[in-house]
Amino acid sequence: MTSVITRFPPSPTGALHVGSARTALFSYLFARSKGGKFLLRIEDTDRERSRQEYTDQILEAMRWLGLEWDGDVVYQSKNEAAHRAASERLLKQGSAYRCFCTEEMLEAKRVAMRTQGRPYRYDGTCRNVDPAESERRAAAGEKFVVRVRKPEGGMTYRDLLHGEIKLRGEDLDDIILMKSDGRPLYHLAVVCDDIAAGVTHVIRGDDHLDNTPKQMVVYQALGAPLPEYIHIPLILGSDKKRLSKREGAENVLDYRAAGFQPDAVLNFLALLGWSHPESREILTKAELIGAFSVDRVGTAAAVFDQTKLRFLNGKHIHDRPPADRARMLADFLKTRGETPPDLKDLAAMIEVNGQRGDTLAEIADYIRFLWERPKAYDEAAVAKFLAGKAELIEKIRCEFEALADFEGESIEIFFRDFAERQGVKFKDVGQAIRVMLTGKSVSPPIFQSAAVLGRVETLLRIDAAQSLMKR
RNA sequence: GGGGCGGUAGGCGAAUGGUAGAGCCGCUGGCCUUUCAAGCCGGAGUCUGUGGGUUCAAAUCCCAUCCGCCCUGCCA
């Protein structure tokens with residue numbers, strides 16, 4: 001048995017979609033789990049729709065996700081000569097033929113059959129044009145496409161997930177391999193390139209289930225062995241329709257911008273259609289590779305659940321040591337045009353924050369007050385915890401000023417005692433301090449936060465809150 | 001219209017002829033607690049889209065039906 005070779009062949013007509021990313025992931029996991037190769041091919045044969053910027057974005061997204069491919073990226077357009085040669089060969093063999101029907105004629109036939117309620121198939125007008133005449137008309141400059149002859153009977157193939165798929169002969173068609181401008185079309189190009197690359201397993205969305213027989217015809221005409229097929233289900237939006245832009249991000253890079261971790265996205269995507277044999281859910285990329293197997297991949301389309309992605313993302317982030325998180329957060333903030341504190345300070349702040357926040361964006365929102373003074377104060381919080389408490393607040397200020405030891409735990413112990421002495425609830429003291437230091441009623445532990453801020457800054461913020469109260 | 005694929009709680013999914021709904025997300029009650037998370041303990045949600053059939057036994061096999069998606073391009 002030759003070793004496994006899979007490939008991911010996106011067309012650069014848009015950014016990398018999460019659905020495509022999952023297809024890429026499954027191909028990647030399959031190859032890696034088998035010790036095989038995973039190739040990347042950009043299918044840019046559609047000159048009208050393909051754009052360089054999309055290619056760049058796809059490559060960027062693949063790198064970000066960590067779906068590293070083997071060898072160089074293959075650009076399908078560079079293989080055009082090979083595609084043309086294959087077409088010539090099939091023509092000579094007689095397994096393909098020139099079709100001189102114009103697009104207008106075909107369209108008319110299509111409309112006619114449809115209005116009669118009949119399924120459209122190419123009527124075979126040019127199927128039996130004499131080879132010599134075909135040659136002559138082509139030489140005379142008449143436009144033509146190249147079609148491959150479908151087999152007489154039906155076709156059956158075995159998909160590793162779906163089992164046997166049967167297509168009847170009358171549901172097949174003589175598909176077009178080459179356009180009249182001499183450019184190769186998808187079904188020819190994929191097959192040629194997959195053969196050339198030695199692809200052993202074609203893993204793709206199940207929207208290709210009906211394309212497979214068409215491509216098998218090409219394989220057979222070319223005399224090449226068939227690959228194994230694994231058609232994985234598509235991803236749906238919460239309305240059970242195909243995932244759309246309304247669902248939030250469908251572009252993988254949008255998740256990076258929102259503060260998601262590549263491993264978390266991979267983890268989530270893997271769980272959409274695949275399950276771990278021991279039901280584990282939080283898995284690193286290495287663990288996914290180790291545990292992956294096709295027999296645990298399902299066949300039903302799955303709904304993209306943003307909530308669970310967020311949960312997993314939180315796990316993936318908080319599982320990392322503070323230094324890692326600090327680096328991740330700093331990089332993230334820089335891409336947003338913010339200036340983060342230095343890594344050592346940021347790591348300390350992140351430790352204070354604990355498990356709060358599921359994305360880097362949320363984590364930043366939790367701890368930004370540690371390096372940035374509150375720009376505004378939550379009105380309800382002020383009304384509830386500060387209003388009418390000028391005297392208490394002044395006392396708190398004095399205590400902060402006089403504290404011997406400015407460390408989280410001792411500050412807390414001190415204020416517990418303070419609350420008791422004042423005959424007020426500890427909670428109210430804590431919340432008052434929280435609002436003054438953060439501007440909000442929700443934040444990471446406030447005494448540890450005060451310690452991070454330091455005495456000077458803590459007092460300054462209390463001053464600011466006091467002057468705000470007096471206005 | 002023709003053909004293909006799919007259907008287990010709100011979502012992801014276990015169970016691959018043998019007690020359905022394990023586990024996870026979410027929701028919810030509680031504990032913990034200076035707030036909010038995290039963590040821990042508990043709860044609700046249900047009988048496998050529907051109807052037949054095969055079988056001692058069906059989510060699982062067969063048929064029909066409904067719904068969804070895909071193909072039916074000189075797109076990929």
Side-chain angles (χ1 to χ4, degrees), chain A residues 9-13 43-46 48-50 76 99 101-103 106-107 110 113-121 143-147 159 162 165-168 170-173 175-181 183 185-187 189-190 205-214 231 233-234 236 238 240-242 268 271-276 278-282 295 298-312 314-315 318 353-358 362 366 381 385 412 415-416 419 425-435 438 440-447:
Chain A
S11 60
T13 51
E43 305 220 320
D44 54 352
T45 48
D46 185 334
E48 280 79 60
R49 295 192 301 152
S50 296
Q76 188 161 65
C99 171
C101 299
T102 64
E103 286 187 73
L106 295 173
E107 184 56 28
R110 211 169 356 242
M113 296 192 87
R114 282 303 274 274
T115 50
Q116 290 170 45
R118 312 235 3 129
Y120 172 75
R121 297 287 177 280
K143 290 260 184 204
F144 63 87
V145 299
V146 177
R147 286 181 187 271
D159 179 279
H162 296 266
I165 310 281
K166 293 179 185 151
L167 265 296
R168 300 177 309 177
E170 58 261 47
D171 292 320
L172 265 24
D173 206 354
I175 58 157
I176 298 177
L177 264 24
M178 300 287 282
K179 296 173 52 159
S180 56
D181 64 1
R183 287 228 159 82
L185 243 18
Y186 172 64
H187 293 299
V190 247
D206 65 15
D207 51 338
H208 283 288
L209 235 19
D210 295 312
N211 284 331
T212 302
K214 301 173 190 172
H231 288 97
L234 265 19
L236 271 27
S238 56
K240 299 261 183 181
K241 304 274 182 188
R242 203 171 187 174
F268 173 70
L271 257 23
L272 239 40
W274 171 84
S275 60
H276 187 278
E278 287 143 43
S279 297
R280 288 187 52 202
E281 300 252 328
I282 299 160
D295 51 299
T299 48
V303 172
F304 191 90
D305 180 9
Q306 225 90 23
T307 316
K308 186 155 185 178
L309 202 210
R310 298 173 54 76
F311 166 80
L312 288 173
K315 291 295 162 210
H318 296 303
N353 181 57
Q355 314 269 302
R356 274 155 274 253
D358 283 334
E362 288 173 5
Y366 267 113
F385 300 111
E412 176 179 337
F415 276 103
R416 277 187 190 281
K425 279 188 267 180
F426 177 55
K427 176 183 173 176
D428 291 328
V429 174
Q431 285 301 79
I433 297 173
R434 189 188 312 283
V435 176
T438 72
K440 304 176 205 167
S441 58
V442 174
S443 82
I446 198 59
F447 300 106

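All chains are named by letter (A, B, ...) in the order of the sequence lines, taking the proteins before the strands, and each is independently numbered beginning at 1.
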Ranking B:rC36, B:rC5, B:rC75 by distance to the side chain of A:Asp206, first place goes to B:rC5
- How is A:Lys143 classified with respect to the nucleic acid when contacts are heavy atoms under 4.0 Å: base, sugar-phosphate, or nothing? nothing
- Query: Reckon A:Pro445 touches a base, only the sugar-phosphate, or nothing at all at heavy-atom distances under 4.0 Å?
  - Reply: base
Item checked: Interatomic distance at P, B:rU8 relative to B:rA14, whole Å -> 11 Å
With sugar-phosphate meaning primed atoms plus P, OP1 and OP2, does A:Val303 contact a base, only sugar-phosphate, or nothing at under 4.0 Å between heavy atoms? sugar-phosphate
Going by the angle between their ring planes, with limits at 30° and 60°, are A:Tyr186 and A:His208 parallel, tilted or perpendicular? tilted
Practice prompt. Have a look at A:Gly354 and say if it touches a base, only the backbone sugar-phosphate, or nothing, with a 4.0 Å heavy-atom cut-off.
Written response: nothing
| request: Would you mind classifying the nucleic acid contact of A:His231 as base, sugar-phosphate or nothing, using non-hydrogen atoms under 4.0 angstrom? | output: nothing
Between the base of B:rG3 and the side chain of A:Asp210, is there a donor and acceptor pair under 3.5 angstrom?
yes
Once base and sugar-phosphate atoms are separated, protein heavy atoms under 4.0 Å mark nucleotides 22-27 of chain B, 5' to 3', with B, S and - as BBBSS-
- Message: Heavy atoms only, 4.0 Å cut-off, all strands: where does A:Glu278 land among base, sugar-phosphate and nothing?
- Response: nothing
Among B:rC12, B:rC75, B:rA38, the one nearest any side-chain atom of A:Gln355 is B:rA38
Students often get this wrong, so: under 4.0 angstrom with heavy atoms, is A:Glu43 touching a base, only sugar-phosphate, or nothing? sugar-phosphate
